[in-house]
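As the structure is a prediction and not an experimental result, all values here were calculated from the model.
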Amino acid sequence: MKVAEDQVVEEDTGFQDDEESFFQDIDLLQKHGINMADIKKMKLVGICTVKGIQMTTRKALCNIKGLSEAKVEKIKEAAGKMLNVGFQTAFEYSAKRKQVFNITTGSQEFDKLLGGGIESMAITEAFGEFRTGKTQLSHTFCVTAQLPGEDGYSGGKVIFIDTENTFRPDRLKDIADRFNVDHGAVLDNVLYARAYTSEHQMELLDFVAAKFHEEGGVFKLLIIDSIMALFRVDFSGRGELAERQQKLAQMLSRLQKISEEYNVAVFVTNQMTADPGAGMSFQADPKKPIGGHILAHASTTRISLRKGRAEMRIAKIFDSPDMPENEATFAICAGGVSDAKE
């Protein structure tokens, strides 16, 4: 594991240069006449890069204590000078997409389904009933994200936000054994936080953004297990549904921006609900993932998980911008997610 860690650090030095185009420190605004006090105010709410300013509305910036409309205009103008805020050719965008990396699931079949694993600069959502392997997948990613992989992927650290008290460090040790890596190093590279309310979950994202900025290029993956659990508790009934979906939309927008801003993979798990109206429409499966259209549109790739025989599980691409709808079978073993043995 030490070798892998060295590689992470080595890769880091070049990483910053490669990403200069979209990983510009907010401190650079000083050259454009923005004072340090105002920069600090933005950092406190997790805006740490020039791109982060571009991704934040004027209204949201005005809500930061101590920032007037005039100051916000000046900040936006300065950020605009430093970034190319217009169009680029598909060829230029294609070159930028070369920075995207994939993190293996631990199963070759599953990886093939996803085109190499879950990708960075995207949100991958896995939903299914209980015991379909969502949390096991999250734990496996905690280890596989740290391992050097294909196409020069060097491995890196992970942040795990736990909303249901399902995270077990001992589980990581078993998975580390399978990949022959040191327990201590694996656990050291996972930053864990327990979220108790949907508001707390949102506040933790400010910390996440600050951490990704502080250790640029070191973190490769953010896991939230599960994304909707606390929203389900904090907002009940149809009367609070609109407010819940609005808050959820803000959170998912933040996740999308973080994944693009810092080139990290975001993996979220989601629960299922019985659809009371489905009986009327003769649907084969009356259960559906919660979160509605807002979560459906925000997730780049959606994976549906269901139980097979014994330890077997079936993953299906539910929605993806570039992968065909298909299925893969995998197994859950002591060492995490692996290929199903025939």
Side-chain angles (χ1 to χ4, degrees), residues 43-48 56 60 63-65 123-143 145 157-173 186-215 219 221-259 262 264-273 289-292 294-295 298-299 305:
K43 279 186 175 177
L44 284 173
V45 294
I47 303 169
C48 305
T56 310
N63 286 340
I64 298 170
K65 202 174 175 189
I123 297 174
T124 306
E125 175 202 348
F127 65 84
E129 294 182 68
F130 59 94
R131 293 198 65 230
T132 49
K134 303 186 297 289
T135 297
Q136 297 303 323
L137 199 49
S138 302
H139 282 72
T140 305
F141 279 133
C142 281
V143 179
K157 293 184 180 181
V158 180
I159 289 184
F160 195 112
I161 296 176
D162 180 6
T163 66
E164 298 181 289
N165 194 25
T166 49
F167 181 72
R168 298 291 180 269
D170 286 348
R171 191 76 191 92
L172 298 190
K173 293 177 184 175
V186 162
L187 294 177
D188 248 358
N189 286 331
V190 178
L191 260 187
Y192 169 81
R194 172 86 165 91
Y196 294 99
T197 66
S198 54
E199 277 178 12
H200 184 206
Q201 195 174 330
M202 188 69 180
E203 283 161 16
L204 285 171
L205 291 188
D206 288 345
F207 169 81
V208 167
K211 201 71 191 156
F212 284 169
H213 173 258
E214 189 185 313
E215 298 185 46
F219 284 90
L221 175 65
L222 168 63
I223 297 171
I224 303 180
D225 184 23
S226 78
I227 186 104
M228 285 299 300
L230 298 173
F231 283 93
R232 235 178 169 176
V233 175
D234 296 350
F235 301 93
S236 57
R238 290 194 178 269
E240 294 185 347
L241 187 62
E243 191 189 349
R244 182 191 88 171
Q245 292 303 85
Q246 192 182 9
K247 292 269 194 293
L248 177 65
Q250 287 168 353
M251 177 177 205
L252 290 164
S253 169
R254 188 81 205 274
L255 278 175
Q256 270 178 333
K257 288 166 183 172
I258 284 172
S259 73
Y262 298 104
V264 293
V266 175
F267 178 71
V268 301
T269 68
N270 192 11
Q271 304 168 337
M272 302 282 279
T273 181
I290 54 179
I294 283 175
L295 186 50
S299 302
L305 301 176

* Considering the options Lys211, Lys43, Arg254, which one meets the salt bridge (Lys or Arg N to Asp or Glu O under 4.0 Å) requirement together with Asp206? -> Arg254
* Arg194 (side chain) donor-acceptor with Ile161 (main chain) under 3.5 angstrom -> no
* Asked: How long is the span from the CG atom in Asn165 to the OH atom in Tyr196, to the nearest 0.5 Å?
  -> 7.5 Å
* Closest heavy-atom contact between His139 and Thr166? -> CE1-O, 3.5 Å
* To do: Taking the side chain as every heavy atom from C-beta outward, state whether Thr269 and Leu305 have any atom pair closer than 4.5 Å.
  => no
* Taking the side chain as every heavy atom from C-beta outward, state whether Ile159 and Val264 have any pair of such atoms under 4.5 Å apart. => no
* Asked: Is there side-chain contact between Ile224 and Leu255, with at least one heavy-atom pair below 4.5 Å?
  -> yes
* **Minimal non-hydrogen separation, Ile223 against Ser138, with atom names** => CD1-O, 3.4 Å
* To do: Mind checking side-chain contact (heavy atoms from CB on, under 4.5 Å) for Val190 and listing every partner two or more places apart, or none if nothing turns up?
  => Cys142, Gln146, Val158, Phe160, Phe167, Leu172
* Test item: Val268 and Leu252 side chains (from C-beta on) under 4.5 Å apart, heavy atoms -> no
* Structure fact -> Applying side-chain contact (heavy atoms from CB on, under 4.5 Å) to Ser299 and not counting sequence neighbours gives Ile123, Glu125, Leu295, Arg302
* Heavy atoms only: give me the nearest Ala209-Gly46 pair and the separation to one decimal. => CB-O, 3.4 Å
* **Main-chain N/O of Ser236 paired to Glu240 side chain as donor or acceptor, under 3.5 Å** => yes
* Structure fact -> Rounding to 0.5 Å, atoms OG1 (Thr124) and CZ (Phe141) come to a distance of 7.0 Å
* Residue pairs involving residues 161-170 (criterion salt bridge (Lys or Arg N to Asp or Glu O under 4.0 Å); sequence neighbours excluded) -> Asp170-Lys173
* Got a sec, which residues hit side-chain contact (heavy atoms from CB on, under 4.5 Å) with Ser198, two or more places apart in sequence or on another chain? -> Leu230, Phe231, Asp234, Phe235
* **Note, Glu215 side chain near Lys157 side chain (heavy atom, < 4.5 Å)** => yes
* Asked: Roughly how far apart are Gln201 CD and Met251 CE, rounded to 0.5 Å?
  -> 3.5 Å
* Nearest heavy-atom pair of Ala210 and Cys48: which atoms, and what distance? -> CA-SG, 4.0 Å
* Indicate the atoms forming the closest heavy-atom contact of Gly291 with Leu248, along with that distance. => O-CD2, 3.9 Å
* Backbone N or O of Asp225 within a donor-acceptor pair of the Lys134 side chain at under 3.5 Å? -> no
* To do: Please report the closest heavy-atom contact between Pro289 and Asn270, naming both atoms and the distance.
  => CB-ND2, 3.8 Å
* To do: Applying salt bridge (Lys or Arg N to Asp or Glu O under 4.0 Å), name anything that partners Arg171, two or more places apart in sequence or on another chain.
  => Asp174
* To do: Only counting residues at least two apart or in another chain, list the ones meeting side-chain contact (heavy atoms from CB on, under 4.5 Å) with Lys257.
  => Met55, Ser253
